[in-house]
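All remarks here apply to the structure that follows.
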Amino acid sequence: MVTARARPGPYPGVVSVLDLWRTLPAKQQPSWPDPAELRAAHDQLAALPPLVTAPEIRSLTDRLALVARGEAFLLQGGDCAETFVANTADKIRDKVKTLLQMAVVLTYGASTPVVKVARIAGQYAKPRSADIEASTGLPSYRGDAVNDIAPTAAARQPDPMRMVAAYHQSAVALNLVRAFATGGFADLSKVHEWNKAFVRDSAAGRRYEVMATDIERALAFMAACGIDLDRTAALTGVELFTSHEGLLLEYERALTRIEDATGDPYDLSAHMIWIGERTRDLDGAHVDLLSRVGNPIGCKIGPKAGPDEVLELAERLNPDHVPGRLTLISRMGAKRVRDTLPPIIEKVNAAGPPVVWSCDPMHGNTRDVGGVKTRHFDDVLDEVFGFFEVHKALGTHPGGLHIELTGENVTECLGGAELIGEDDLGGRYETACDPRLNTGQALELAFLVAEMLQNTRGERGAPWPS
Ligand SMILES: O=C[C@H](O)[C@H](O)COP(=O)(O)O
Ligand SMILES: C=C(OP(=O)(O)O)C(=O)O
Ligand SMILES: [Mn+2]
């Protein structure tokens, strides 16, 4: 069966509407040197098995529908840019661990389920501000799926076979993530033990002793009621979904498959795909391709986006008004979020499809310190709090957070309880693109948001500050 979304249309040279994007302007695509090589990479990818399945994708849509209705919270996070060299067991484990620890704290703070979506197993392509890197005069690094970060002309040459390598790297990462999610690693009691260790052993954690003790009491209460924490399915193992920016159109197209059972197309490279701030043009190739797949789609919204444009985008990406289908991820910057976000929310909520409102407090708060990209923890926190304030004032649901983080003690973002200063940035600055919160900063953020939600709930008796 072929549905309307996948049915071939009357476009010259285009066999399927899934290829209509090929006739549209596509921003941020690499200058692939040889079309035949690109075609070969596409064809190899198209013949490989999918990384995820359509039923899993529909489960995520269902979970996000709960978020859209105000009954759950979304936590999305991971590296700015995954790299092949950092795709190791330890680093994957520590990233997943950090995300799960944050999720437990937020679940407690928000008293609602937290839908967990990792930027993992596919986050290998980067849009860039400049084609040429100012410091070297070389073509910019565009992610390991495109070129190599080493500062030589040969390394920076785009190679389409790197997309095939990225697929294989994603497959091995996903294999481990799935094992962690279901194999006993992620039991609630274990995650809580990690949080207790963070609170006990780090200066950053000590502030949160009260909340950690409250969570401990809640778990003890559950155990006293006869709930076996180590045997209850909902508490042993987690649902962890994957996501990445759908930037490289050939890659996303090659992994888009028609599901036999429904005849619907799904991009099976990840559960959730998002469109970046630089590629969300209404009539551009990215919006076209991703509007046709059945996955939950995210779309970044920066400070230049106006309410009318966002409404149109929301309609284009969720024409059937399916709850959970669209997540709008605002990344306004701490200074602007309180002014720019309200008119957008008002417009979309009044006339548009249901959306999950999520906050990316990273990309609007990047600054340059002596040629090093960084972000200050206080700005990140301020944008998150601004986002919650805006939703509280409008009576809408602050649905989620989208964070660039790592499970390691890197020194890429300033501030936090460890007071990382400008002089510390050289210590462990390891990101391939944007600065990430380290584990301590990420957990602190979760505890601070949870505290804020608890205080608000105490005052108002409602789960959300709305
Ligand atoms: O991750 C987001 C973008 O790819 C990144 O912020 C771009 O960075 P640049 O401005 O250094 O190119
Ligand atoms: C590229 C990114 O963000 P944005 O599109 O919001 O700049 C990102 O999330 O890494
Ligand atoms: Mn980034």
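Everything numeric here is computed off the predicted structure, so don't read it as measured data. Each ligand, and each atom within it, is numbered from 1 in the order the structure gives. Only heavy atoms go into these numbers, but all of them, side chains included; no hydrogens, no water, no symmetry mates.
Screening K95, R119, K91 for a salt bridge (charged side-chain N to carboxylate O under 4.0 Å, His left out) with D79, the sole residue that qualifies is K95.
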Check against salt bridge (Lys or Arg N to Asp or Glu O under 4.0 Å), D19 and R292: CA-CA 10 Å; D19 285 305; R292 296 176 194 282; over 6 Å; no

Audit row: R58, D62, salt bridge (Lys or Arg N to Asp or Glu O under 4.0 Å) steps and yes/no: CA-CA 6 Å; R58 285 192 290 269; D62 292 346; over 6 Å; no

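A donor-acceptor contact closer than 3.5 angstrom is absent between the side chains of E408 and T439. Side-chain contact check for H321 and E315: at least one donor-acceptor pair (N or O, by modelled atom type) lies under 3.5 Å. In this structure, a donor-acceptor pair under 3.5 Å is absent between the side chains of D379 and H376. A donor atom on one side chain and an acceptor atom on the other are found under 3.5 Å apart for R375 and T366. In the model, Y141 has no side-chain atom that pairs as donor or acceptor with a side-chain atom of R128 under 3.5 Å.
Ring planes of W274 and H402: perpendicular class, angle over 60° (limits at 30 and 60°). Relative orientation of the F447 and Y208 rings is parallel, given thresholds of 30° and 60° on the angle between their planes.
Looking at C80 against ligand 1, only its side chain comes within 4.0 Å, counting heavy atoms.
When the Mn ion (ligand 3) is compared with the N/O/S atoms of E404, atom OE2 turns out nearest. Summary: OD2 is the N/O/S atom of D434 found nearest to the Mn ion (ligand 3).
Of the protein's non-hydrogen atoms, K373 NZ, 3.0 Å is the one closest to atom 8 (O) of ligand 1. The protein heavy-atom contact nearest to atom 9 (P) of ligand 1 is S129 OG, 3.3 Å.
Taking only nitrogen or oxygen atoms, main chain and side chain alike, C433 does not reach within less than 3.5 Å of ligand 1.
Each of C80, R119, K126, P127, E245, W274, G276, E277, R278, K300, R331, H363, E404 has a non-hydrogen atom positioned under 4.0 Å from some atom of ligand 2.
Selection from R278, Q123, K126 by nearest heavy atom to atom 7 (C) of ligand 1 gives R278.
The pair R436-E404 fails the salt-bridge criterion, with no side-chain N (NZ, NE, NH1 or NH2) lying under 4.0 Å from an Asp/Glu carboxylate O.
The distance from ligand 1 to the heavy atoms of D434 drops below 4.0 Å at these ligand atoms: 1 (O), 2 (C), 3 (C), 5 (C), 6 (O), 8 (O). Ligand 1 places these atoms under 4.0 Å from at least one heavy atom of P127: 3 (C), 4 (O), 7 (C).
The Mn ion (ligand 3) has an N, O or S atom of H363 inside 2.8 Å of it.
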